[in-house]
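Because only heavy atoms are used, hydrogens play no part in the values below, and waters and symmetry mates are left out as well, while side chains stay in. All chains are named by letter (A, B, ...) in the order of the sequence lines, taking the proteins before the strands, and each is independently numbered beginning at 1.
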Amino acid sequence: MKVLNVAEKNDAAKNIAFFLSEGGMTRREGFSKFNKVYQFQCFLQGQKCDMVMTSVSGHLLNWEFVGAYRNWNGCSPESLFDAPVVKFCPDNYTDIKRTLEREVRSANKLIIWTDCDREGENIGFEIITVCTAIKPNIQIYRAKFSEITSQSIKRALQTLGQPNKLVSDAVDVRSELDLRIGASFTRFQTLRLQKVFPILADYLLSYGSCQFPTLGFVVERYLERERFIPEPFWKIRVTHTIDDLTVEFRWQRDRLFDENVCQALLLKCQENPLAKVEKVDGKPKSKWRPTPLDTTEMEKIASRKLRLSAKETLKIAEKLYTQGLISYPRTETNIFPGTINLSSLVQLQTDDPNWGGFAARVLNDGPNPRQGKKSDQSHPPIHPIKYTNSLQGNEWKVYELVVRHFLACVSKDAKGHETVVSIDINTEKFTASGLMILEKNYLEVYPYESWNSKAIHLYTVGQTFEPTVLEMTSSQTSPPNLLTEADLISLMEKHGIGTDATHAEHIETIKSRMYVGLEDNIHFVPSAVGMGLVEGYNHMGFEMSKPNLRAELEADLKRICEGTRQPSQVLREQIDKYRTLFRKAKEQVNKIDAAIGKYTQSTAVVLNPEDDPLSAQMQTFDRVLPCKNCGMDMVLRRTNDLQKFFLTCVAFPQCKGSVWFPKKVLDAKVSDTSCPKCGPRVKLIDFKFSPGSMAPYYPQNFTGCINGCDTEFIEMLDISHQLQG
DNA sequence: GCAAGGTC
């Protein structure tokens with residue numbers, strides 16, 4: 001019995017093979033130098049098997065347009081909503097595909113070991129597609145695991161299930177839509193604006209369902225700041241200094257927006273400026289330990305405290321995961337499951353010189369996680385699963401963060417004692433507070449947060465004192481800050497834009513498109529082009545830069561996973577929705593022109609209709625019938641010199657299913673008509689022949705039903721061959 | 001020259 005095992009990446013394959021073989025695997029080369037083949041024997045379903053373990057590198061296949069639709073000037077951007085797409089293995093991945101094809105020939109079973117998330121399920125089906133093309137009846141299983149440890153991997157092998165087609169389908173819908181919408185709007189914006197604004201001639205003006213809302217967040221915050229009108233306000237300030245200690249009292253009214261009223265209240269205080277202590281409250285105060293670590297929280301802490309970009313943090317965490325040091329780093333979960341053995345995880349850390357003592361104390365008290373509220377039902381919060389002290393640089397910093405956060409969240413809240421003193425100055429009330437920290441607890445191991453004691457004088461109820469300062473201060477409200485990377489990630493997470501793994505990339509994209517820039521190296525500001533694009537669509541009344549559109553799709557994808565919605569139906573609805581938006585955007589494109597003109601301070605070039613890259617000269621292909629070779633669309637085209645017509649398979653040159661008509665065909669037009677057999681979806685081709693040709697021997701019109709029910713079309717093709725001959 | 005999602 002030979003079993004082919006395929007993981008999502010080489011590191012995972014190596015470690016899984018290591019655990020299943022107890023370290024006894026051998027290694028040989030695959031066609032791809034990055035994806036090795038590991039071999040060992042082990043028991044599966046009571047039978048000793050020859051195991052072959054290899055890997056892909058993420059997605060193996062990618063949606064692509066075919067033939068003429070790849071060419072920016074070969075079709076109208078709008079036709080991309082309906083253009084055929086194929087799943088294609090990119091050149092740099094064909095080596096991986098060849099390894100799978102070679103190894104599956106001799107295998108009886110196939111086990112999918114891709115990550116247990118939505119994309120992983122889809123990658124699993126890509127592997128299945130490739131393998132079953134070679135071996136249609138191979139037995140297929142899905143291994144389910146959420147961390148690469150000996151225990152989890154062995155359990156996964158003993159509890160093999162089936163791959164989940166619904167989850168994979170949802171990914172196919174998502175990815176096909178991303179391509180169609182992204183490509184059509186990108187070409188639309190780019191082709192139009194490059195022509196209308198010569199200064200943008202070298203710009204690529206992309207649109208994407210994630211990058212645009214990300215840009216939208218930056219623009220929105222910028223505008224909030226711009227529109228902000230500061231309001232002056234006034235406060236009464238009271239301090240009390242004895243020796244070196246100054247205690248600041250807070251006015252119970254906080255601040256007033258009327259200077260005269262504030263002035264009057266101050267005068268009242270000054271009439272009898274003796275403070276009387278009315279109340280001294282002492283109460284325990286806690287600072288809560290953090291909740292278990294999820295991906296975005298890790299990215300945010302690393303961005304703020306370690307000065308690592310989200311992109312870098314995730315890359316490092318991924319490496320630590322594949323080395324078996326930490327659990328899966330892409331998780332939305334911040335609740336530890338009951339099944340996890342926290343004590344043994346804490347135990348692993350007790351030898352460390354920095355936090356070993358703390359870990360030992362946690363063990364003594366018993367780990368007690370503060371639980372969050374989110375769960376993705378597949379991965380636990382990020383935690384260390386192996387001890388190491390041999391990492392360097394940023395890898396060490398990220399590992400340290402994961403360990404310290406883990407120990408912190410299973411320890412105890414910091415405890416303190418707060419004193420609140422309330423005073424009265426001629427009926428105006430003020431308070432001051434002091435804090436004494438009693439037990440640092442989690443803060444001992446968690447340097448990313450601080451909590452400072454605040455000293456206060458000893459006051460007793462009924463005591464009176466003369467304030468050191470009693471004055472009015474003026475200030476004004478301040479606008480919200482521009483967004484930092486951490487802020488932007490929070491917004492993306494909140495609105496479901498991108499995944500844990502891609503937040504950082506979308507931010508990179510809008511930077512590289514010159515839609516946004518950085519101020520002070522920290523705060524995001526939109527560029528003129530970024531502002532113009534967002535405003536242009538806003539003026540049409542479209543929420544292109546708002547997160548709502550994506551959120552609606554996300555909800556439908558969830559329903560596909562649950563089996564309550566058909567993938568094909570969701571796909572059709574979404575395509576229809578965006579096609580409608582696209583048509584309206586095309587009609588009102590002057591609104592984008594106007595906005596871009598305004599922000600870039602340049603004048604729009606007035607285009608002649610024939611120069612408009614989006615106008616009639618751009619062909620929209622009419623699908624005439626399915627190609628006999630490959631089933632893709634056949635469309636009617638004319639050569640560049642206008643000499644000849646031909647029916648071409650849109651997959652050309654991959655398919656080469658084109659049919660040429662003789663020069664004697666002077667004109668050919670496609671129009672809609674109805675089919676007597678199967679309804680309205682029929683194309684009619686009218687041919688006009690040159691005088692004196694053989695045409696009179698043949699009917700002038702040929703009808704072909706695009707559903708393929710009508711045989712006349714096939715006859716026509718045969719005739720065209722005869723004519724050519 | 002397009003997207004977003006994997007990963008190298």
Side-chain angles (χ1 to χ4, degrees), chain A residues 7-14 32-36 55-65 69-81 83 85 87 89-90 92-93 95-96 114-127 167-168 170-194 200-214 311 314-315 317-319 321-322 328-330 492 496-510 512-513 549-550 553-554 557 574 578 582 613:
Chain A
E8 188 160 319
K9 47 195 167 272
N10 182 63
D11 279 319
K14 184 172 73 183
S32 153
K33 66 175 177 179
F34 301 112
N35 303 78
K36 310 293 182 189
S55 57
V56 290
S57 289
H59 279 289
L60 187 57
L61 308 175
N62 198 7
W63 286 116
E64 281 183 13
F65 293 114
Y69 294 99
R70 291 176 197 257
N71 182 347
W72 280 46
N73 300 308
C75 67
S76 70
E78 189 179 324
S79 63
L80 298 178
F81 287 107
V85 285
K87 273 212 168 176
C89 180
N92 54 335
Y93 281 9
D95 284 344
I96 297 174
T114 48
D115 295 349
C116 293
D117 52 23
R118 217 154 71 179
E119 297 296 329
E121 212 61 29
N122 188 265
I123 293 167
F125 276 90
E126 293 174 356
I127 295 163
V167 173
S168 173
V171 173
D172 278 336
V173 169
R174 195 268 311 147
S175 51
E176 187 181 330
L177 280 169
D178 283 339
L179 174 64
R180 291 187 187 282
I181 298 163
S184 55
F185 277 95
T186 297
R187 291 188 195 179
F188 162 68
Q189 292 176 175
T190 306
L191 290 171
R192 169 82 191 182
L193 295 171
Q194 283 185 346
L200 298 181
D202 296 327
Y203 278 58
L204 176 60
L205 302 165
S206 64
Y207 174 85
S209 50
C210 290
Q211 54 176 266
F212 229 63
T214 306
K311 196 171 175 172
L314 196 60
K315 203 174 111 197
E318 174 75 22
K319 192 168 175 195
Y321 162 69
T322 52
Y328 191 69
R330 290 183 207 120
M492 293 170 80
I497 301 302
T499 68
D500 311 328
T502 60
H503 291 148
E505 285 174 35
H506 301 310
I507 296 172
E508 289 297 313
T509 302
I510 59 173
S512 68
R513 296 287 182 260
L549 288 169
R550 184 73 183 186
L553 171 62
E554 200 51 46
L557 295 183
Q574 291 280 334
Y578 277 94
F582 185 92

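- For B/dC8, its base sits under 3.5 Å from the side chain of A/Tyr93 at one donor and acceptor pair at least.
- Between the NZ atom of A/Lys33 and the P atom of B/dT7 there is a distance of 20 Å, given to the nearest Å.
- A/Ser184 and A/Glu78 share no side-chain donor-acceptor pair at under 3.5 Å.
- Both A/Glu8 and A/Tyr203 sit near DNA chain B, but only A/Tyr203 has its closest nucleotide nearer the 5' end.
- Nucleic acid contact class of A/Gln194 (heavy atoms, under 4.0 Å, all strands): base.
- Taking side-chain N and O atoms only, A/Thr499 has no distance below 4.0 Å to OP1 or OP2 of B/dG5.
- Using a 4.0 Å heavy-atom cutoff across all strands shown, A/Phe212 reaches no nucleic acid atom at all.
- Straight-line distance from the CG atom of A/Asn71 to the C1' atom of B/dG1: 11 Å, rounded to whole Å.
- Rounded to a whole Å, the NZ atom of A/Lys319 is 15 Å from the P atom of B/dT7.
- Residue contacts shown for A/Glu505 include a base, since a base heavy atom lies under 4.0 Å away.
- Atom C1' of nucleotide B/dA4 and atom NE2 of A/His503 are separated by 12 Å, given to the nearest angstrom.
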*asked:* The test is side chain to side chain contact (heavy atoms under 4.5 Å, CB included); show your working for A/Thr499 and A/Arg330 and say whether it passes.
replied: CA-CA 9 Å; A/Thr499 68; A/Arg330 290 183 207 120; 6.0 Å; no
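- Atom C1' of nucleotide B/dC2 and atom CZ of A/Arg192 are separated by 19 Å, given to the nearest angstrom.
- Heavy atoms of A/Gly498 sit under 4.0 angstrom from primed sugar atoms or phosphate atoms, though from no base atom.
- When the nucleotides B/dA3, B/dT7, B/dG1 are ranked by their closest atom to the side chain of A/Thr186, B/dA3 comes out on top.
- At a threshold of 4.0 angstrom between heavy atoms, the contacts of A/Ser209 are confined to the sugar-phosphate backbone, with no base atom among them.
- At whole-Å resolution of the value, CG in A/Asn122 and P in B/dG5 are 13 Å apart.
- Taking for each of A/Thr322 and A/Ala201 the nucleotide of DNA chain B with the nearest heavy atom, the 5'-most of the two is the partner of A/Ala201.
- Nearest to the side-chain atoms of A/Ile123 among the listed nucleotides B/dG6, B/dT7, B/dC2 stands B/dG6.
- Heavy atoms of A/Arg174 sit under 4.0 angstrom from at least one base atom.
- Ring orientation note: the planes of A/Phe81 and A/Phe582 are nearly perpendicular, at an angle over 60° on the 30°/60° scale.
- The phosphate of B/dG5 has OP1 or OP2 within less than 4.0 Å of a side-chain N or O from A/His506.
- Looking at A/Asp95 and A/Ser32, their side chains never bring a donor and an acceptor atom within 3.5 Å of each other.
- Residue A/Glu318 has its side chain nearest to B/dT7 when only B/dC2, B/dT7, B/dA4 are considered.
- Following rounding to the nearest Å, A/Glu119 (CD) and B/dG5 (C1') show an atom-to-atom distance of 5 Å.
- Crowding of A/Asn71 atom CG: a count of heavy atoms from other residues, nucleotides or ligands under 6.0 Å exceeding 12.
- Using modelled atom types and a 3.5 Å distance limit, the side chains of A/Tyr321 and A/Asp11 yield no donor-acceptor pair.
- Within the 4.0 angstrom heavy-atom criterion, base atoms lie near A/Asn62.
- Taking atom CG of A/Leu204 as the reference point, atom P of B/dC2 lies 5 Å away to the nearest angstrom.
- Comparing B/dG6, B/dT7, B/dG1 by their nearest atom to the side chain of A/Thr502 picks out B/dG6.
- In this structure, A/Tyr207 forms no aromatic stack with the base of B/dA3, since the conditions of centre separation below 5.5 Å and plane angle below 30° are not both met.
- Taking only side-chain nitrogens and oxygens, A/Arg513 never comes nearer than 4.0 Å to OP1 or OP2 of B/dG1.
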